[in-house]
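Down below is the structure, laid out as structure tokens.
Chain naming here is simple, since letters A, B, ... match the order of the sequence lines and numbering starts at 1 in each.
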Amino acid sequence: MEKKYDFTKREKKWGRFWEKENVYKFSPESKKDIYSVDTPPPTLSGKMHIGHAFSYTQQDIVVRYKRMTGKNVFYPFGTDDNGLPTEKLVEKEKKVRIFDMERKDFIKLCQKTVKELRPAFIQDWKDVGMSCDFELEYSTITSEIQKLSQKYFLELYKKKRAYKKEGPAVWCPVCQTAIAQAEMEDKEKEGVFYDISFKTQKGQITIATTRPELLASCVAIIVHPEDKRYKKFVKEKATVPLFGHEVEIIKDKEVDKSKGTGAVMCCTFGDVTDIEWFYAHNLPLRVCVNKDGKLNELAKKYKGLSIKEAKEKIVADLKKESFIKKEENITQITNVHERCSAPIEIIPTNQWFIKCLDLKKELLKMGRQLSWTPPHFKTRYDNWIKGLRWDWCISRQRYFGIPFPIWYCKHCNKEVAANIKDLPVDPFSSKPKKKCCGKQDFIPDKNVLDTWATSCLTPQIAQNLVKNKKVKEKLFPMSLRPQSHDIINFWLFYTVLRSNLHFKKLPWEEVVISGFTLDEKGEKMSKSKGNVVEPKTVIEKYGADALRYWTASVGFGEDIRWSEKELQAAKRTLTKVWNASKFSISHLENYKPKKSIDKKKLEEEDKWFLSKFQKTLKEYTSHFEKHHYQKARRVVDSFFWNDFCGNYIEMVKKRLYNEERNPEGARFATYHCLLGIMKLYAPFIPFITEEIYQGHFNKFEKEKSIHLTDLPKIEKELSFPSSMKNIEDIIEIFTAVRKFKSEKGISMGKEIEKLTIQTENKSIAKNTAVIKDTLKVKEIAFGRGDVRISDKLFLKIED
RNA sequence: GGACGGUUAGCUCAGUUGGCUAGAGCAUCUCGUUUACACCGAGGAGGCCGCAGGUUCGAGUCCUGCACCGUCCACCA
């Protein structure tokens, strides 16, 4: 074994080895229990983010553990590369703008870009040591998946679960598409709160608004029913300044009397409450904002202006005519689109929805049946469902996505759906087989499906990667869904919803939720803040194993803080693993491992060490079974560093060098436990453990990779409780003597003339050899000690 | 406004069903190098366990209230 471990070279080597040897390949013919993982398909972007490295490593650790407990692991890998996020990526990468291009050209460019970027992007996942079967691979824009997604859409369409409706929808004027409730985000903005007076028969009424540009859309003024100031105005008509149309003054208890002037104008549509009032009071529709965010003819002379320009002009004109009574600068919170940060508008459009509000009870029940790690994230799921107000809007007015397999008859406007056997279908380039109104004149549905409407089908997509029917059936429901908490409201919720609608089943047995990566200051890492650390840089500097080791220091659901120091510590552990293995193996070269050993050949320290390993194994397993991998890692750390390196090696060194006192027993315990430690570490640091396994152990073990071996089994015959106690008492003596040396400034290597031990534990007298070896003591005696170590132990040390 | 999580050594965090004289790693200080490892070893110093009450023989751990930090949801006229 080389003196220094060159992680860059070795990690590349083993990465290639795993791929070439198909180490992580799913075997449909295997008789083992299947453990199936609904791997999150990352949204295709230039490169992997550190948050990805963090959360994917955590799930990979769990999966690797499962593999080593004898499960037949089904762990596919896909990328999500259609829809808005991909369009945004292409616009940025290729420096184009979607609305400047023809639909088909833009789609072509998207396809080309995806093809270019995808391999390098996936490589990042391989480099971090993911143990997916990369041959079980999918991309959410392929025709196969289009077919699958369209098929499930049609299923809902036929059940009338998917429906098209004209109505106010949340709209992003920059992306020019409808978006779903979950895609909105809060953002603080500076704004101005204007008091604007309206004329009525009974005098002036003053409303407060931050959006004077929507005056043209004003359809009512609303006051609180118990507001004395405005009682006399109720049911009166008010004239809208600048635009002159009349609106009614009505009452509604949703109005906050203390806000602004206590009177509010209702526009179609300024915000979400306007929608409620619009329906509740049966108000007329007056839409003055177009889909591109510009005002229309209803805005009269302001037509064609953007919202921002219109606001300036309208405010100026209102001031000129003294309609503005007061203005106040405020910081307000506005809803913006999470993908582009543009303030959203509410515009009535024709959109496709999936009806889900009637399923709240069932969905809550499914949440209860699912096993959550950590458990408290279930509450977030519950809260989201309880707070749902709209059906899921699944249509987007974009180009690069999965089209709706729907046409409309040019003559009667009737919807015509594609046949399932003809899928996938692009309604732009094909036509329905049947006729309508005696002709085949159709126009395509121009919408594409929301990306989530496809990505929430990952269990079905994954299942479809396997051809064997029997095996396929075993893959659903899946065992595990790993994901981060920020998309509980999207991906997790939608997957449960679809699974309910199509199969009436939970999609998985359990879900594990990972947290975020924070920078040194504890702030969330994000591209916009510019505080991101790139996994590639970390891997180059410290190696993937170190990165993984670090990510395993916190558990599921917990955020992790970036710290260079922690990475250095991780690397130190890896060096220690390397050095300890190298040393141990150098003494095992001529040793042929045995399954069992004659107990007479075991010294007390061997028995202690083997017992301690049994204990470690037990704790490790129990932590992992609860998905507490971070605790499992700590258990191994402690066993490896303290018991193995700190004590055991020191105790048996002399035996190994000089072939005395049952060297056979020391070799047995060393081989057994070192291989054991490597296995226990393997899920965390797969590269270096593989290197060490291949450097020695594979000569005797039958599996071609450590990752295909089973974890050691608990063996009662290797547990010796009395030896545990005896060596622990002896270690107490070690500590005391080391302290004595340290205080006197004596080097640890210097010999001690005589050590007198006063103890109640009579077994220690039988094990003086190990004390002599470890502490370099010439003579050991039993009698009165003059230094009190504890109630039961006194020592006399003569140097 | 509602919900969830957090608050323990200078920093990052462990602390199972109440038994703690509160631990680990990093940082710091002292001492020690040549048959694994200075990317090392040994040892020391360092804590009103967020605050205030309560239950108990006994509270870091259980209960109540509060404060601060983080996250999600709602409000956002």
Whole-Å gap separating P (B:rC75) and CH2 (A:Trp277): 11 Å
Should the side chain of A:Lys576 and the base of B:rC37 be counted as holding a donor-acceptor pair, with the cut-off at 3.5 Å? yes
Assess whether a salt bridge exists between A:Asp637 and A:Lys576, defined as any Lys/Arg side-chain N lying under 4.0 Å from an Asp/Glu carboxylate O. no
Among B:rC37, B:rC26, B:rC75, which is the nearest nucleotide to the side chain of A:Arg572? B:rC26
Would you call A:Arg211 and A:Glu213 a salt bridge, taking side-chain N to carboxylate O under 4.0 Å as the test? yes
With heavy atoms under 4.0 Å as the rule, sort A:Lys565 into base, sugar-phosphate or nothing. sugar-phosphate
Which nucleotide, B:rC31, B:rC4, B:rC76, lies nearest any side-chain atom of A:Ser742? B:rC31
Need one value for A:Ala208: base, sugar-phosphate or nothing, where a base atom within 4.0 Å counts as base even if backbone is also close, heavy atoms only. sugar-phosphate
Is the shortest side-chain N to carboxylate O distance from A:Lys251 to A:Asp227 below 4.0 Å? no
Does some side-chain heavy atom of A:Thr57 sit less than 4.5 Å from a side-chain heavy atom of A:Phe684? no
Where each residue is assigned the nucleotide of RNA chain B containing its nearest heavy atom, which of A:Cys645 and A:Ile222 is assigned the position nearer the 5′ end? A:Cys645
Please check if the side chain of A:Lys253 supplies one atom and the backbone of A:His224 the other of a donor-acceptor pair under 3.5 Å. no
When all nucleic acid strands are considered with a 4.0 Å heavy-atom cut-off, which category describes A:Glu650: base, sugar-phosphate, or nothing? base
Can you identify which nucleotide, out of B:rC40, B:rA14, B:rA42, has its nearest atom closest to the A:Arg634 side chain? B:rA14
For atom CD1 of A:Ile746 and atom C1' of B:rU30, their distance in whole Å: 15 Å
With no angle test and no hydrogens, is the base of B:rC39 tied to the side chain of A:Thr575 by a donor-acceptor pair under 3.5 Å? yes
Please work out if A:Val255 contacts a base, only the sugar-phosphate, or nothing of the nucleic acid, heavy-atom cut-off 4.0 Å. base
Please check the phosphate of B:rG32 (OP1 and OP2 only) for any side-chain N or O of A:Arg738 closer than 4.0 Å. no
Distance, rounded to the nearest Å, where A:Arg633 contributes CZ and B:rC13 contributes P: 13 Å
Assess whether a salt bridge exists between A:Arg572 and A:Glu566, defined as any Lys/Arg side-chain N lying under 4.0 Å from an Asp/Glu carboxylate O. no
Regarding the side chain of A:Gln332, the nearest nucleotide among B:rA77, B:rG5, B:rG41 is B:rA77
Shorter than 3.5 Å, N or O on both sides, protein versus nucleotides 68-72 of chain B: list them out with atom names.
unit_1: B:rU71; atom_1: O2'; unit_2: A:Arg380; atom_2: NH2; d: 2.9

Whole angstrom value for the distance that separates P of B:rG44 from NZ of A:Lys744: 17 Å
A:His376 has its side chain closest, among B:rG41, B:rC75, B:rC4, to B:rC4
Sugar-phosphate, base or nothing in reach of A:Glu558, heavy atoms under 4.0 Å: sugar-phosphate
Pairwise C1' distance, B:rA14 and B:rC49 [rounded to whole Å]: 13 Å
Contact under 4.0 Å: A:Ser553 side-chain N or O vs B:rC13 OP1/OP2: no
Which nucleotide in the list B:rA77, B:rG15, B:rC39 gets nearest to the side chain of A:Thr209? B:rA77
Between A:Lys631 and A:Glu619, is there a side-chain N and carboxylate O pair less than 4.0 Å apart? no
What nucleic acid atoms does A:Lys259 come within less than 4.0 Å of, heavy atoms only: base, sugar-phosphate, or nothing? base
Pairing string, 5' to 3', for RNA chain B - Watson-Crick or wobble contacts under 3.5 Å, brackets [ ] where pairs cross, | to another strand: (((((((..((((.....[...)))).(((((.......))))).....(((((..]....))))))))))))....
Starting at atom CD1 of A:Ile205, determine the distance to atom C1' of B:rA77, rounded to an integer number of angstrom. 14 Å
How is A:Gly745 classified with respect to the nucleic acid when contacts are heavy atoms under 4.0 Å: base, sugar-phosphate, or nothing? sugar-phosphate
A:Lys739 side-chain N/O to B:rG44 phosphate OP1/OP2 under 4.0 Å: yes
Atom pair CZ (A:Phe323) and CG (A:Leu215), whose distance is rounded to the nearest 0.5 Å: 9.5 Å
From A:Glu11 atom CD to A:Ile539 atom CD1, the distance as rounded to the nearest 0.5 Å: 7.5 Å
Do the side chain of A:Thr621 and the main chain of A:Leu617 share a donor and acceptor less than 3.5 angstrom apart? yes
Atom-to-atom span, CG of A:Asp6 to C1' of B:rC39 - whole angstrom: 15 Å
Check every atom of B:rG43, B:rC37, B:rA77 against the side chain of A:Phe193 and return the nucleotide holding the closest atom. B:rA77
Report which part of the nucleic acid A:Ser586 touches: base, sugar-phosphate, or nothing (heavy-atom distance under 4.0 Å, all strands). nothing
Checking all strands, does A:Arg389 fall into the base, sugar-phosphate, or nothing category for heavy-atom contacts under 4.0 angstrom? sugar-phosphate
Whole Å only: how far is the CZ atom of A:Phe269 from the C1' atom of B:rC76? 18 Å
Using whole Å, what does the distance between atom P of nucleotide B:rC75 and atom NZ of A:Lys257 come to? 21 Å
Suppose we call a contact any N or O donor and acceptor under 3.5 Å apart; does that hold for the side chain of A:Asp256 and the base of B:rC75? no
Identify which nucleotide among B:rG5, B:rU33, B:rC76 has an atom closest to any side-chain atom of A:Ser747, counting heavy atoms from C-beta outward. B:rU33
Students often get this wrong, so: under 4.0 angstrom with heavy atoms, is A:Lys4 touching a base, only sugar-phosphate, or nothing? base
Around atom NZ of A:Lys615, are there more than 12 heavy atoms from other residues, nucleotides or ligands closer than 6.0 Å? no
What I want to find out is whether A:Arg10 reaches A:Glu691 closely enough, with some N-O distance under 4.0 Å, to be called a salt bridge. yes
Measuring to OP1 and OP2 of B:rU16, would you say a side-chain N or O of A:Lys626 lies under 4.0 angstrom away? no
Sidechain N-carboxylate O distance under 4.0 Å for A:Lys654, A:Glu659: no
